[in-house]
Each structure stands twice: as C-alpha cells, then as structure tokens.
Amino acid sequence: MRILLPLARLAHMPSRSVRLWALCALVSFGLPAKEPVKATHGMVGAQEPLAADVGLTVLKNGGNAVDAAVAVGFALAVTHPVAGNIGGGGFMLVRLANGTTDFLDFRECAPAKASRDMYLGPNGNPTRESIYGWKSAGVPGTVAGLELAHKKFGSQDWKSLVTPAVGLAKDGFTLTEPVAAALRSENNPLNQDPESKRIFLRDGNPYKTGEVLKQPELASTLDRIARQGAKGFYRGETAKKLTAEMAAHGGFITESDLQDYKVIERLPLTGTYHGYNVITAPPPSAGGVGLLQMMGMLTGTTYESDGPNSPKAVHFVAEAMRRFYADRSEYLGDPDFYNVPVRQLLDPAYLTWRRGTIDPERATPSELIGPGLPKHLQARVSWYESKETTHYNVVDAKGNAVAVTYTLNNSYGNGITVPGLGFLLNDEMDDFAAKPGAPNMFGMVGADANAIEPGKRPLSSMTPTIITKGSKLEMVVGAPGGSRITTGVAEVIFNVLDFGLNAQDAVDLPRFHLQWKPDVLYLQTGFPLQTEGALRAMGYDVKPTDNVARVEAIVVNNGTLEGGTESRLHGKVAGY
Ligand code: DON
C-alpha cells in the first residue's frame, strides 16, 4: 500500500493517521492497492488505449497538451464509437503552465426550429423523441471546439493531428473485447438504424474480438476536416448530406444551424478547497457549481475523520450531494438564456447555512430539502442507469494541462449514423427539461432554467477539473457517467486531497451517489456490508449500483505524473 502524496497535501487534516485510514479502507474493500502509471514528461489518460497512444505520440513528437487533446478527440471518434464523437459536443478545460486558463464550451445547442414543448405528446407528457430518432440531436460542437482549441493553443499542424484518426478509420483497427462486446450489446440503439447496423453490426453479423473494423465513410468525413478544418464539417459536402438526411427524416438541424454554431469561451469556475485552487466547469455545466458547493458544505465538518468511505464520510458527502442536486433542478441552465445565480449558489454564507441543515447522525429525507429553501416535494421519480460519455486528460512536458469531457449523451448517441458520412449523432436534447419536473434519461429534473429554447445549450453534468496549489499543477480529473459525473469526480478529488490515495487507488475505490430525487443512496459494488448497514441505520434507502461515473485522473506527485484509469474498465494511461 502506498500513500504517495506529500503529507503537506494533508496538512489541513486532523493529526490522526491518514495512512492507516486509507490502508484500512482499501483492505476492507478487498481492493489490491495499485501503483499508478508514472511518467516525467507527459501523460495521456483516456478510456480507449489506441486513442491514448495517438495522444502520446503527439506529445513525444513535440506537440503540446492541446495538440494531443485534439488528436485524441478525433481518434476516439473512430476507436471508441460508444462516446467518442464528431457528432456530439463537450467541454475542454485548459490550464497552461503559465497559469492561463480557458474553458471551451463546444456543447451542442438546440436547433433554431426547437421549441419548449417539442417533446411533449398529445397527453402533455414527454415522448421518447428526445432520446431516439433524428429530432433528438442537438447541433454538434466537437469539430468546432477542437478547431478553436487548436487555433488558440496548438503548436502542430492541424492536419497532422487529424490524420491519425483518418488512418484508424480508413485502415481499420482491431476490435478488443470491450469494444466488440459494447457493439454487440442488445441494449444499444445501433440495431434500430439501418446505416448503424450496416457499419457497426455488419448487417446483423456482429464483429468478433480480434476482427478489424473499417469505417471508410467516416475516414472521408475526417479527411475533409483534416484538409479544410471545421469548414469541412459545418459547410460543404458534410453539412449538405447531414441536413438533407435530417430533413428527410423529420429532424430539425439545418444548414444555417450548422453555419451559425459557435464555440463559447467561458471563464472557468474557480474556488478553493483545503488550501487548493479548484478550476472547473461553469454553466451550462452544473458540474463545477456542484463540486464547489459540495466542497463548501463539507468544509469544517471533519467529515474525513473516520477515513475514506467510512459511514461518516459517506453520510456527509451524500448530504452535500442531496442539497446540490436540489439546487441544480431549479437554478441551473445555460447562462446565455437564464440568469444562473452562480455567485449566490457559491456564497459561503449560503453554504454555511446549507451545511447547518445536515444532521450529523441521520439522513435528511429529500422531501424536506428543496432548492435553496426547505419545502415539501413531490413524488419520487425513477432513475435510469448512466449510459456513455468519455473523458480524457493530457499533461505535457511543460506542465500544460487539458481535461476534456465530450459526449453523444446516450451510448452511441441516438444510434443514428448519417448515411454517407459515417458518424453517429447525439441525443443531447434529452439533457433539457422537456417538461418541468419530468425526469430525463438520468432521472434529472429541471425547470425554466433548463427549458428548451432555440440556440440554447442543455444543462450538463460534465465536470472537467484541474486542481493547483499556488501555481503548481496538482491534479487533472473528469469522468463520464450522466448525473453521477459530478459526484464521481468530487469523490476522487476527495480521495486524493483529503485521504491521500494515489491516482490509481483513488479512481478504484468504490463510490456512492445520491441525487436528491430519487431519495436513494447508491453504493457501487464493493462496499462492505457493515458500512451499508450503518448507512441504513442512519435512514438511507441504500441500493447497489454497478458504477458511479468512470473517472480518469492524473495527479502530480513531487514532479512525477501519476495517472489512474479505473481497473474496472479498459482505458489506458500512457506516459513517457
Ligand atoms: O452532459 C451531460 O451531463 C450528459 N449528456 C452526459 C452523459 C453521460 O455522461 C452518459 N454517460 N455515461
């Protein structure tokens, strides 16, 4: 067992033996403590190994972290079709070694023809059209986002960064079992779309592990992007084919939606926690507000005194989660369309008051907690298992750091491959509140702040985050996982900063999640029965779950880069 972080990182903590806590926690979870991958020059952590290697090659060839992030983004669109994309959107958080930060919001937006009630059926309730079919797609942002990142921060020739993806699509790549199994999965929407079925399921004769998947149409689409930049996607052949298919199938995205798409540069949200600077995602993500709210509510509670994943730690963190998700449902949305009260939500006085409503011994029923003010709330809602998105981190030899979370929303998005273009479309429109109080795919409820409007971005949970101490880079982190992203990222940060776990152990430790509605505490497989029992005794409705986000983390330990990717999954940390 190694607790690798400098003890200085734990200086804010009570003097009890942090090492012993962490040791006990991992042993009691039956986890073999594992070494992170270590490197001194540069590192890429991604959820598909071939794409991680593409990034590493860029770094080794002298590219910077943003160059590598661009190349990884395009490579994942080929090798990780479940979430890697050019037909979706996401966020890129950049922190240069000189302290400059930037947040590129390339989230999909609602097409001009979108309207508030577009997903309500004749009975006034949401239909499934926000998830399935051509109408579910928002205007894709990924290609524009990667291009702007490159224009602002890149150092290598654009074409050289897209070309590896073109090659992987044209020449094909060997399917590993996880990728082949995901394609075969009966639950994925690829079966429903003829073009997706043809390309990804070989027309009903699914690929086996070890076979090669070639995507010639995607190769041509990527080649246009390599040669023409984002114009090769938002205009010309790609735009024409995409919008013609949209129109033919009753979808909304038009050529002018594509031409009008804009990446928005935003100020990252910042805060401090236990002596660290936290740089994270602003709205239209709820993630950064959630992370900083939870940190604010935990400050001063000594929640960490019994060790990671102890009943006390889970209880306090779960109560902070509950309060954040209640606020999320009411106040958070696209700041360009709704006056999101970020300052008030992060006001220390507000968070002190919220903290004061946490009973140290008992769970607070969600119906007693509302957005900002206690109130009695409505019926419980169902919760659906999280689908797919992906996150990757890059740090280069100079210490520039990039955290990217991007997504098609659902696994394989809406499952539709645009004929002739080879890429899958997102179903990001489901992240809007189709109707106040009606749960989306992730059980998230929302109101006016997240109502549908033309050009608006749906509220996200994606939480790419960078942590520094003074001017020193400490951690780069993020995750997919739907509504569980924010909690998963927060827990891994706490595992590192508050409990001294190394990057690998921090991502491997089982996690928990509570999102206000439903009033259920989900414990990831691996929690000891005693902990579960203690939490039930405190009043929690405890349920098991397979995963709480899928977190990627790079931690800087005395100048060494240490990367963790979840042992439960199939990602790769590549460093040199
Ligand atoms: O932006 C969001 O919050 C969602 N569209 C993310 C979806 C997701 O993470 C699904 N995968 N695990």
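What you see is a predicted model, and the numbers here were worked out from it, not measured in a lab. For ligands, and for the atoms within them, numbers begin at 1 and follow the listed sequence. Computed over heavy atoms, backbone and side chain alike; hydrogens, waters and symmetry mates excluded. The first residue in the sequence is number 1, and the count goes up from there.
- Defined by atom type and a distance below 3.5 Å, a donor-acceptor pair is present between the side-chain atoms of Q504 and D508.
- R457 has no carboxylate O lying under 4.0 Å from a charged side-chain N of E428, or vice versa, which leaves the two without a salt bridge.
- A cation-pi contact, defined as under 6.0 Å to the ring centre and within 45° of the axis, links K135 to F252.
- In this structure, a donor-acceptor pair under 3.5 Å is present between the side chains of N125 and K435.
- For ligand 1, the polar-atom distance check against G481 finds a nitrogen or oxygen pair separated by under 3.5 Å.
- Side chain of E388 to backbone of T407: no donor-acceptor contact under 3.5 angstrom is found.
- Residue T407 places no N or O, backbone or side chain, under 3.5 Å from any N or O of ligand 1.
- Evaluated by nearest non-hydrogen atom to atom 6 (C) of ligand 1, the leading choice among T463, N426, T389 is T389.
- Between the side chains of S136 and D427, no donor N or O sits under 3.5 Å from an acceptor N or O.
- Counting atoms of ligand 1 from 1 in the listed order, those under 4.0 Å from a heavy atom of R550 are 11 (N), 12 (N).
- Which parts of ligand 1 touch S461 is read off a 4.0 Å heavy-atom cut-off, strictly below it: atoms 1 (O), 2 (C), 3 (O).
- Contact annotation: for I485 versus ligand 1, heavy atoms closer than 4.0 Å belong to the side chain alone.
- Distances below 4.0 Å separate heavy atoms of E388 from the following atoms of ligand 1: 8 (C), 10 (C), 11 (N), 12 (N).
- Within ligand 1, the atoms closer than 4.0 Å to a non-hydrogen atom of E428 are 1 (O), 4 (C), 5 (N), numbered from 1 in the order shown.
- For R484, the heavy-atom gap to ligand 1 stays at 4.0 angstrom or more.
- Between the side chains of E147 and Y234, no donor-acceptor pair of N or O atoms lies under 3.5 Å.
- Considering backbone and side-chain atoms together, P480 places no N or O closer than 3.5 Å to any N or O of ligand 1.
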